[in-house]
Number of protein chains: 2
Amino acid sequence: MKHITIKDIARELNVSVSTVSRAMNDTFDISAKTRDKVLKTAKEMGYHPNPVAKRLHQQKTFQVGVVIPEFINDFFPQIIMGMQNVLQAEGYQLLIMQSNECFETEMENVLKLEENMVDGLLISLSRETQNIDYYNKLYEKGMPMVFFNRVNEMIKAPKVIFNDFKWSYFAVEHLIKQGCKNIIHLAGYKHLSLSRERIRGYEKAMNKFHLPYDDDCIIETGFMIDEGEIVMKRLLDKGICPDGIFATNDPTAIGAIKALKSAGKRIPEDVCIIGFSEAMWSEVVDPPLSSVSQPTNLIGYHAAHLLLEQLNEKQTEDNTIKLDGKLVVRTSSQRG
Amino acid sequence: MKHITIKDIARELNVSVSTVSRAMNDTFDISAKTRDKVLKTAKEMGYHPNPVAKRLHQQKTFQVGVVIPEFINDFFPQIIMGMQNVLQAEGYQLLIMQSNECFETEMENVLKLEENMVDGLLISLSRETQNIDYYNKLYEKGMPMVFFNRVNEMIKAPKVIFNDFKWSYFAVEHLIKQGCKNIIHLAGYKHLSLSRERIRGYEKAMNKFHLPYDDDCIIETGFMIDEGEIVMKRLLDKGICPDGIFATNDPTAIGAIKALKSAGKRIPEDVCIIGFSEAMWSEVVDPPLSSVSQPTNLIGYHAAHLLLEQLNEKQTEDNTIKLDGKLVVRTSSQRG
DNA sequence: TACAAATTCGGAATCGTTTCCGAAAATCGG
DNA sequence: CCGATTTTCGGAAACGATTCCGAATTTGTA
């Protein structure tokens, strides 16, 4: 895999390497004649500039690191596609790493990306991550960074988030309008902003419609199918059965449905249930799952643009972008 | 973001840069005393070797390109995790690109990765890809390459594939044992080996049990949910309804189920159906979908190792690795 | 025609490493 | 104690590009 370099062309044409470089970059101080001559033989010889050498000189790698909790569900991959569309067009490559929802792995990933000298970072926190000191330090040292989806308010870098409060409210309001009176919330981990915001939305709806709830109605569950199943099963074993469930995401909703079904409950007749974040397969489960759909592509798009602004040293005036979605009502929450 | 370089350390300690380099790489021609001294101040000053400079000198990027058709389904992400486990441990980074099932995008991706001077390529063909001349040229020029899952036999580089023939046979045999007599196959694109092998498995099972079938029973469908739905709907509209369906993957099976359900067919009573490649959500759809489960992690593991052998210039003796899976029988194909 | 200005290009430094070559210093054997 | 090894280190080249500086050539102007 011998590569043609700028020297090979220079030797071939009996010119200096600086001339060839000038031709390639079309600078002002070269005659049109020699430029064309160089370009022609460069093409003939199959020359491609060596990006590594360019990076060394420019002190820039044109690579940005992406750290996400997982990419087994389709949620994060869709966001990443949104990012790629923007960043590849600007000549950047993505280095994608997963924390597997583990704080230490997340830190290792960030360190590794730093050592690899990425030009910037796009991060979605693991569900364990509480300590964000390092991120703030890194940001203040000047590392371009954007956080998205899984965020913590104490983070100083720009963020792209979803209007969790508003859409949780709509989700619970929808359940109430279906006639649910005894509604519980399967919540995410409380150190993540999105979990707290979704709890706030739940509380606002319950208060607004004067429905009773207490701390036992808001159950820290997690994000996975089996976590939803375990929590729901435990409730049913205790003889507790709500008539409405607002789950913090689709997998936990699915888990709850599994537990409910095997306890002989009918959905939506006995229990209405709605998830969040619209998984690709929410439509094909039994029963088809209602959910709040998030604009995943847009999340990636905005995160990428906020990063680009930093990479181009433009001052970002707006620090946080909050996006809206829509309510997708299917059988699991629809009565009558 | 000023970085400490080897020169900073040299200046600090009044030694030459070569001495510092020797200390960092622990070569033979340096005294233990100065080595420790250098290492100590390097640590104190927070020195990290610049990987870009290293790459320029070693003429190696320690990055490998991965090209996959999509990463919205969980199948390819799982394979990638298998690759990452192996390659990250050896110091390699992955550059992941999607072809979106489009031949031209696939080529653009490969070109871009080549220009980025990746050390090797891991490729799964798009469903459109028929012309593989460029890949063979590239491989013969010495580019380390491994193909996986979506493969074409004409490709000369090492491959990691699934024993599609054997497990298709088992899948169809299972349908037959459930009493199905009129079985169709929703097939993938025929220029991909896996599609042809799955067709062969179907044919072998049908022949073995003396069940009739003709060309109309093998329908080129695609890989997506709506493709399965459209093809099935068209059949039903023509008044054709099999009592057994072997789908080339889980999404097409799901699509077929949607069409069957809205036509009032009961599964598995009227129609047994089995998919392939075990999606994460196959268990939670209605009815739970039988499928052939593939060892996704292992596919990634082996592909990565075959690539490593080439990167380390070891001669690969075994060119193709063929993996086995298991039959996961759920409600969609289980009678009585 | 002569001198100033503009154009065009080569040489060398630079980016941060590794590594080859040779010289100084230390160690060794007799 | 002296010559021969061995150890240890500095200087410089190399990787492949960009860019600054200055020199040669061409062009322009009076």
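Just the heavy atoms: all of them, side chains too, but no hydrogens, waters or symmetry mates, feed the values below. Because the structure is predicted, anything quoted here is derived from the model rather than measured.
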Output the rounded distance in Å from [atom1] ([X]) to [atom2] ([N]).
X: A/D29; N: D/dG22; atom1: CG; atom2: P; value: 15 Å
X: A/L13; N: C/dC9; atom1: CG; atom2: P; value: 12 Å
X: B/N116; N: D/dG16; atom1: CG; atom2: C1'; value: 15 Å
X: A/R55; N: D/dG16; atom1: CZ; atom2: C1'; value: 13 Å
X: A/I9; N: D/dT18; atom1: CD1; atom2: P; value: 11 Å
X: B/F28; N: D/dC9; atom1: CZ; atom2: C1'; value: 12 Å
X: A/F62; N: D/dA17; atom1: CZ; atom2: C1'; value: 14 Å

Would you say the side chains of [X] and [Y] form a donor-acceptor pair under 3.5 Å?
X: A/T27; Y: A/D29; value: yes
X: B/D119; Y: B/T61; value: yes
X: A/Q84; Y: B/Q98; value: yes
X: B/T19; Y: B/S16; value: yes

Sugar-phosphate, base or nothing in reach of A/T27, heavy atoms under 4.0 Å: nothing

Sugar-phosphate, base or nothing in reach of A/V52, heavy atoms under 4.0 Å: nothing

Electrostatic pair B/E44-B/K40, nearest N-O below 4.0 angstrom: yes

A/E101 with A/R150: basic N within carboxylate O range, under 4.0 Å: yes

Mutual orientation of the aromatic rings belonging to A/Y189 and A/F223 [parallel < 30°, tilted 30-60°, perpendicular > 60°]: perpendicular

Nucleic acid footprint by protein, nucleotides 11-18 of chain C - heavy-atom cut-off 4.0 Å, B for base, S for sugar-phosphate alone: B--BBBBB

Sub-4.5 Å side-chain heavy-atom contact between B/L125 and B/F103: no

Flag side-chain contact, heavy atom, 4.5 Å: B/N149 against B/F76: yes

Bending between helix ends of the helix from C/dT1-D/dA30 to C/dG30-D/dC1 [5 pairs per end, 10° resolution]: 50°

